[in-house]
Amino acid sequence: MPELPEVETTCRGIEPHLLNRRLTGAIVRQSRLRWPVPRGLSKKISGQTIHAVERRAKYILIKLEQGTILLHLGMSGSLRITPTDTPPEKHDHIDLQLDSGQCLRLRDPRRFGSLHWVSGDAMQHALLKNLGPEPLSDQFDIDYLFKKSRKRKLAIKLFIMDSKVIVGVGNIYASEALFRAGIRPTRAAGRVTRNEYENLVQAIKDVLAAAIRSGGTTLQDFTNSEGKPGYFQQELHVYSRADEACHTCGTPIKHRVMGQRASYYCPICQH
DNA sequence: ATCGCCTCCTGCGCGC
DNA sequence: TGCGCGCAGGAGGCGA
């Protein structure tokens with residue numbers, strides 16, 4: 001379940017293998033992902049040099065001379081760099097072949113991931129143009145989140161998971177950030193105070209930055225690696241800890257479903 | 001505009 | 001021990 005820190009780590013891991021390399025083709029073994037993989041992908045990308053590898057939200061942008069490959073890892077996707085002649089394993093759906101003899105291989109058992117081809121300005125793509133700010137950017141600050149939240153009745157947890165509000169806060173980090181900030185996930189976003197948002201913004205930034213740091217240190221090389229650093233490297237205070245003792249006060253952690261998603265909180269520490 | 005619910009898919013955990 | 005059932009999960013899309 002790649003969250004933003006894992007996507008960021010993945011980007012950094014694959015970038016050195018891709019930058020300034022020429023694509024020689026693509027193999028699509030399974031085109032039924034979250035959205036159909038575009039037909040004729042190989043033709044579109046062949047011969048093009050990779051100019052940049054970037055991340056926006058949880059999307060990975062592989063920028064070519066003419067156009068951009070837009071990747072999303074869904075919840076079970078992973079990327080690796082491997083020699084093109086390495087036999088694909090189960091769920092290895094797509095290879096992007098490089099002139100180095102290696103390929104970028106997408107594995108995604110649950111197929112919630114996606115690959116789009118964007119011929120024009122990638123940021124104007126429907127999936128990207130309405131996204132909120134990056135959580136680690138300066139645009140994401142107390143004023144922004146506080147103003148955005150006024151009159152919103154949506155639960156604060158669902159509010160911070162809304163990609164139009166802010167990107168990259170997945171289910172795990174939403175619970176963890178709210179615990180750090182001492183806010184109950186069920187509170188209406190519009191009723192959370194400015195002071196609480198101050199704590200929450202900091203908590204979101206801290207928790208994501210810490211995860212990226214731990215990901216960055218564990219990952220030496222994406223060749224043959226699983227590329228799965230991230231949240232499970234750091235201590236989780238509430239996520240997946242139903243009925244276990246709160247690390248702060250010892251009270252059993254509560255579990256409830258919000259928006260068809262598991263939520264966890266301490267009934268004492270979070271108000 | 002806002003919100004809740006549905007959907008895609010498979011591995012895994014749980015219960016018997 | 002082995003089997004089968006049902007759930008989890010990112011996020012767009014749609015209906016209310």
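All chains are named by letter (A, B, ...) in the order of the sequence lines, taking the proteins before the strands, and each is independently numbered beginning at 1. Since this is a predicted model, take the numbers as computed values, not measurements.
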Going through the checks in order, is the side chain to side chain donor-acceptor pair (under 3.5 Å) test met by A:K63 and A:T68?
-> CA-CA 4 Å; A:K63 296 191 163 181; A:T68 300; 5.7 Å; no
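- Along DNA chain C, the nucleotide nearest to A:G168 and the one nearest to A:V257 differ in position, and the one closer to the 5' end is contacted by A:V257.
- When the nearest nucleotides of DNA chain B are assigned to A:R152 and A:D108 by heavy-atom distance, the more 5′-ward of the two goes with A:R152.
- Take the nearest nucleotide of DNA chain B for A:A155 and for A:R110: the residue whose nucleotide is more 5' is A:A155.
- Not one N or O on the side chain of A:R187 forms a donor-acceptor pair closer than 3.5 Å with the backbone of A:I183.
- Distance CG (A:D243) to P (B:dC14): 13 Å, rounded to an integer number of Å.
- Just one of A:V165, A:I160, A:L158 meets the side-chain contact (heavy atoms from CB on, under 4.5 Å) condition when paired with A:D162; it is A:V165.
- No contact: A:F159 has no heavy atom under 4.0 Å from any strand.
- Straight-line distance from the CZ atom of A:R256 to the P atom of C:dC7: 18 Å, rounded to whole Å.
- In this structure, the nucleotide among B:dC6, C:dG12, C:dA11 sitting nearest to the side chain of A:Q260 is B:dC6.
- Residue-level contact check: A:A262 touches the backbone only, with heavy atoms under 4.0 Å from sugar-phosphate atoms and none from bases.
- Put simply, A:S76 has no side-chain N or O that comes within less than 4.0 Å of OP1 or OP2 on B:dC9.
- Atom pair A:N171:CG and C:dA8:C1' shows a separation of 9 Å (rounding to whole Å applied).
- Judged by Watson-Crick or G-U wobble contacts below 3.5 Å, the nucleotide B:dC16 has C:dG2 as its partner.
- Remark: ring of A:F112 stacked against base of C:dG10; centroid gap under 5.5 Å, plane tilt under 30°.
- Straight-line distance from the CD atom of A:E6 to the P atom of C:dG10: 10 Å, rounded to whole Å.
- No chain of hydrophobic side-chain contacts below 4.5 Å, direct or via other Ile, Leu, Val, Met, Phe, Trp or Tyr residues, connects A:Y59 to A:L18.
- For B:dC9, the OP1/OP2 oxygens have no side-chain nitrogen or oxygen of A:H91 closer than 4.0 Å.
- Within the nucleic acid shown, A:R111 comes within 4.0 Å of sugar-phosphate atoms alone, with no base atom in reach, counting heavy atoms only.
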Please report, to 0.1 Å, the donor-acceptor pairs under 3.5 Å made by any side chain of residues 35-45 of chain A, with sequence neighbours excluded.
from  : atom 1 : to    : atom 2 : distance (Å)
A:S42 : OG     : A:A26 : N      : 3.0

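- Atom-to-atom, CH2 of A:W35 to C1' of C:dG13 comes out at 9 Å; the value is rounded to the nearest Å.
- The side-chain heavy atoms of A:T186 and A:R256, taken from C-beta on, include a pair separated by under 4.5 Å.
- Nearest to the side chain of A:K153, among B:dC3, C:dG10, B:dT10, sits B:dC3.
- With distances taken from any side-chain atom of A:P109 to the nucleotides B:dT10, B:dC5, C:dG12, the minimum falls on B:dT10.
- Within 3.5 Å, a donor on the side chain of A:R34 pairs with an acceptor on the base of C:dA11, or the reverse.
- Separating the NE2 atom of A:H116 from the C1' atom of C:dA11 is a distance of 12 Å, rounded to the nearest angstrom.
- Spacing between atom CZ of A:R261 and atom C1' of C:dA11 amounts to 8 Å, rounded to whole angstrom units.
- Rounded to an integer number of Å, the gap from CD1 of A:I166 to P of C:dA11 is 12 Å.
- Side-chain proximity of A:L127 to C:dG12, B:dC9, C:dA11: nearest is C:dG12.
- The shortest distance between the side-chain N/O atoms of A:Y239 and the OP1/OP2 oxygens of C:dA8 is not below 4.0 Å.
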